[in-house]
Structures are given as C-alpha cells and as structure tokens.
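Along the sequence shown, the residues carry numbers beginning at 1. In each ligand, atom 1 is the first atom listed, and ligand 1 is the first ligand listed.
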Amino acid sequence: MTLTVLNERMTFDVQRVRALYPALGEGFAHFDGAGGTLVAGSVTDAIAATLRAAIGNTTTVFTPGRRAIEIVAQARVAVADLLGADPAGVVFGPSATSLTYRVSRALADTWRPGDEVVVSRLDHDANVRPWVQAAGRSGATVRWAPFEPSTGALPVSAYRELVNERTRVVALTAASNAIGTRPDVAAIAALAHSVGALVYVDGVHATAHLPVDVRALGADFYVTSAYKWSGPHIATCVADPGLLESLWPDKLNPSPNEVPERFELGTPSFELLSGVTAAVDHLSTLDDAAAGSRRSRVLTSMGSAHAYQMDVFGSLLSGLQALPSVRVLPAPAGRCPTVSFLVGDALPAQTALALGDQGVCVFAGDYYAWEYFEAMGLHPRGGAVRASVYHYNTLEEVSRLLDCVKRLV
Ligand SMILES: Cc1ncc(COP(=O)(O)O)c(C=O)c1O
C-alpha cells in the first residue's frame with residue numbers, strides 16, 4: 001500500500017519511509033511506538049560507525065578526542081533543531097526519568113516550606129514522582145491537577161485554581177502516553193509564568209508525533225527520549241542556558257562547571273549521541289518536499305508525518321469504537337495518535353498476548369501513567385491495552401489489529 005498525504009506543502013510517502021526502517025522487514029505490526037519505536041537504519045549505521053572509528057574521550061590534544069567533542073556538539077545542535085531550542089541549553093542523560101530527577105533535585109534546593117509544586121494526574125510517573133519526592137524533601141506542598149475522567153481532558157481551568165504566587169514549578173505533559181491527550185501547555189505555561197513559576201514539560205510522548213517548538217509551548221524545561229522518535233536509548237532535557245546557569249546540581253569537582261555540561265554525569269555515550277544526530281537528520285527527511293535548514297525540514301517533515309499518522313489513527317479509533325464489546329478510554333480532539341482500550345471481560349494482558357501471538361505489538365498495563373490508571377480505577381484489572389500509531393504504521397496494519405480484536409470478541 002502506498003498512502004500519500006498531500007496538500008499544498010506536504011508529501012509523505014509511507015512506503016519510502018518504511019524502507020528506512022530495516023527492522024520492519026521482520027513483519028510485526030508495531031503499535032508499540034509509545035513504548036519505543038524501531039530505529040531508523042541510518043541511526044544504526046551512525047552508532048556503528050562511531051563505535052568502529054578512532055574516537056577517544058573528549059580532549060583537544062589528539063584527533064580522536066576532538067572527534068568526541070564534535071560528536072557531542074553536533075548532537076546538541078541536532079536536538080536544538082528538533083525542538084527549537086538553544087544548543088547551549090541541551091543537556092543529555094540516560095533517560096527522561098533520570099534527567100527529571102536531576103533537574104527536580106537541583107530546583108528543590110531552592111525551595112522552602114510553603115512553596116508549591118503542581119503536578120498532574122494525567123502524566124507519566126516520570127514527571128510526577130520526582131517532583132513529589134523533591135517536594136517531600138524540601139517541605140514544599142504538592143498540588144494535583146485532575147483530568148476529567150469522562151473526556152480525558154486536562155483543562156486549563158484546573159490550573160487557575162492551583163497556580164498562585166507560592167507556585168515554584170508546574171510539571172505537565174505535552175501529551176499523555178496513555179490516551180494521547182494534549183493539554184494546552186502554552187496556556188498553562190502562561191498562567192505559571194504570570195506568578196513567576198517555572199514550567200517543566202514532559203515531551204517524551206509528544207515529540208514522536210508533532211513538530212515541537214519549546215518556546216511557543218512556554219516550556220522552561222522540555223524533556224524527551226530519543227528512543228521514542230527513531231533514535232537510541234538516550235534522553236535530553238532542554239532549557240534556556242541562563243536558567244541552567246542559575247542552578248547547581250550535585251557534580252564531581254573536576255567535571256565541567258559550565259552549562260550544559262555541569263548537568264551531565266560522567267563520560268557521554270558518544271555512539272548514542274551520534275545516533276541522536278542521525279535520528280534528527282532522519283526525521284528531517286520524512287517529507288520528500290521538505291527544504292531549507294534542518295530545523296525547517298524537521299518542522300515540515302514532522303507536520304506531514306503527523307497528518308499521516310492522524311489519518312491512520314482515525315481508522316484505528318473508529319474501528320475500535322465500532323466494536324460493541326470494546327471500551328475505548330476517552331481523549332479529547334487534538335490528541336496524539338495513541339489510544340487505550342479494553343476488550344470485553346478480558347484482562348488487558350490477555351488481550352495484548354493474543355494480539356502479540358498474531359505479530360501485532362500492543363502494550364498492556366499502566367505504562368507508568370500510574371495516577372491516570374489509579375484515578376480511572378483500572379489498576380486492579382491490570383490497566384488497559386494501548387495502541388499507538390507512528391509514521392511507519394499503515395492502514396493494512398490497522399486492519400490487521402482490528403481483525404485480531406474482532407476475533408477476540
Ligand atoms: C510520556 C512519558 N514520559 C516519560 C517517560 C519515561 O522516559 P524514559 O524511559 O526515558 O525515562 C515515558 C516512557 O515511556 C513516557 O512515555
């Protein structure tokens with residue numbers, strides 16, 4: 001099948017894009033992108049090339065060391081192009097979870113009893129627990145933004161009552177990894193900024209599906225993991241370098257005092273950083289017609305990929321909704337292409353296993369969206385089943401998934 005989404009500016013050829021992912025040749029239908037996507041072949045090549053080359057630890061006194069410095073610098077510029085950030089504010093770390101712990105601890109050093117932190121019940125626990133624990137240590141109060149169970153929305157109005165002059169940080173997701181909800185981050189950030197609070201945005205799910213502009217979002221910090229967008233298992237948190245300058249995380253005496261380096265622990269993974277650069281380059285080519293700077297090609301390509309994904313996701317969602325014994329957990333319009341559902345009385349793990357046996361990869365559980373599943377009362381039966389559409393999924397694969405579900409019901 002070749003499904004091409006065309007409008008005046010965008011061209012997305014899914015068959016061409018699929019050919020860029022060698023692992024698709026194994027024949028699985030990957031609706032598990034929200035847990036981690038396949039890696040583009042160019043990413044694998046870049047990682048292997050770095051491991052094969054003469055590359056030492058960072059130093060300016062010999063060529064292999066200078067190459068290492070260059071790899072790190074290139075990866076910072078690549079992430080800046082992906083997110084609309086300043087390369088001097090791009091921090092790397094092993095995972096979004098570890099980066100959020102790191103930043104939350106550094107920020108909590110500046111908090112006092114009476115300060116407040118706002119977290120949401122829609123977020124992945126990686127953007128909840130680090131703040132709750134940091135608040136606990138510094139005596140700050142945690143305030144919870146509830147989502148609406150009947151719609152899956154995280155309304156701005158909830159934040160009007162939660163954010164006040166005591167608020168130091170608002171931590172929220174750019175998109176739910178469970179149901180795809182995209183809160184109005186810019187409006188919530190504006191509220192937070194009006195009282196001088198910082199905004200920490202979990203962009204792990206959103207970055208895979210959308211063009212991102214951290215400044216337009218109003219994110220003071222934005223964290224994302226490359227393994228959700230065709231790259232390797234490494235993460236980044238971006239911020240204004242001036243903001244990073246104002247924080248002093250725990251670090252070794254001899255390690256760099258400058259930012260962003262002072263937020264990074266130990267020797268960087270040069271091979272994975274090469275993979276990050278390759279992943280951003282790859283994303284910038286998703287649209288055949290993308291032109292201009294890499295930033296502009298990324299924006300065009302991610303916009304086209306998003307339009308394509310939403311088309312495929314529309315078929316998946318309407319197909320699931322049409323099945324009487326399938327319960328689809330609600331999410332408002334404008335969501336990311338990710339859905340959680342339950343099939344009849346089956347436990348989510350049973351459903352996922354049955355689909356897995358047919359080569360259709362979906363997750364079951366709470367996918368660490370712990371508070372969401374607690375609030376929905378779904379933890380006792382093991383959460384739900386999650387299918388997420390990435391830009392290499394096809395309408396044929398949607399039919400394959402729906403056929404499997406139909407057989408179950
Ligand atoms: C929305 C969201 N936030 C955070 C994380 C955690 O990312 P990492 O595995 O890089 O810590 C995930 C991982 O699934 C996620 O989906």
Task: Side-chain heavy atoms of Trp111 within contact of Thr141, under 4.5 Å - done: no
TODO: If the plane angle is over 60° it's perpendicular, under 30° parallel, otherwise tilted; pick one for Phe373 and His379.
DONE: tilted
Task: Test of proximity, Ser225 against ligand 1: N or O pairs below 3.5 Å - done: yes
Task: ligand 1 N/O within reach of Ala96 N/O, cut-off under 3.5 Å - done: yes
TODO: Would you mind telling me if ligand 1 is within reach of the side chain of Tyr227, the backbone, both or neither, using heavy atoms under 4.0 Å?
DONE: side chain
Task: Residue, atom name and distance, where the atom is the protein heavy atom closest to atom 16 (O) of ligand 1 - done: Asn177 CB, 3.3 Å
Open item on the list: If we count only N and O atoms by modelled type, under 3.5 Å, do the side chains of Ser230 and Tyr392 hold a donor and an acceptor together?
Closed with: no
- [ ] Would you check whether Thr97 has a nitrogen or oxygen atom less than 3.5 angstrom from a nitrogen or oxygen atom of ligand 1?
- [x] yes
Task: Interatomic distance, Leu316 atom CG to Phe341 atom CZ [nearest 0.5 angstrom] - done: 7.0 Å
Open item on the list: Which label fits His233 and Tyr227: parallel for a plane angle under 30°, tilted from 30 to 60°, or perpendicular past 60°?
Closed with: parallel
Task: atom 15 (C) of ligand 1 [closest protein heavy-atom partner, distance rounded to 0.1 Å] - done: His124 CD2, 3.2 Å
Open item on the list: Students should be able to answer this: which protein heavy-atom is nearest to atom 13 (C) of ligand 1, and at what distance?
Closed with: Lys228 NZ, 3.1 Å
Task: Side chain, backbone, both or neither: Ala235 near ligand 1, heavy atoms under 4.0 Å - done: neither
- [ ] List the closest protein heavy-atom neighbour of atom 1 (C) of ligand 1: residue, atom name, distance to the nearest 0.1 Å.
- [x] Asp202 OD2, 3.5 Å
TODO: Assess the side chains of Thr338 and His205: does a donor N or O sit below 3.5 Å from an acceptor N or O?
DONE: yes
Task: Flag for Thr173-Ser176: side-chain donor and acceptor within less than 3.5 Å - done: no
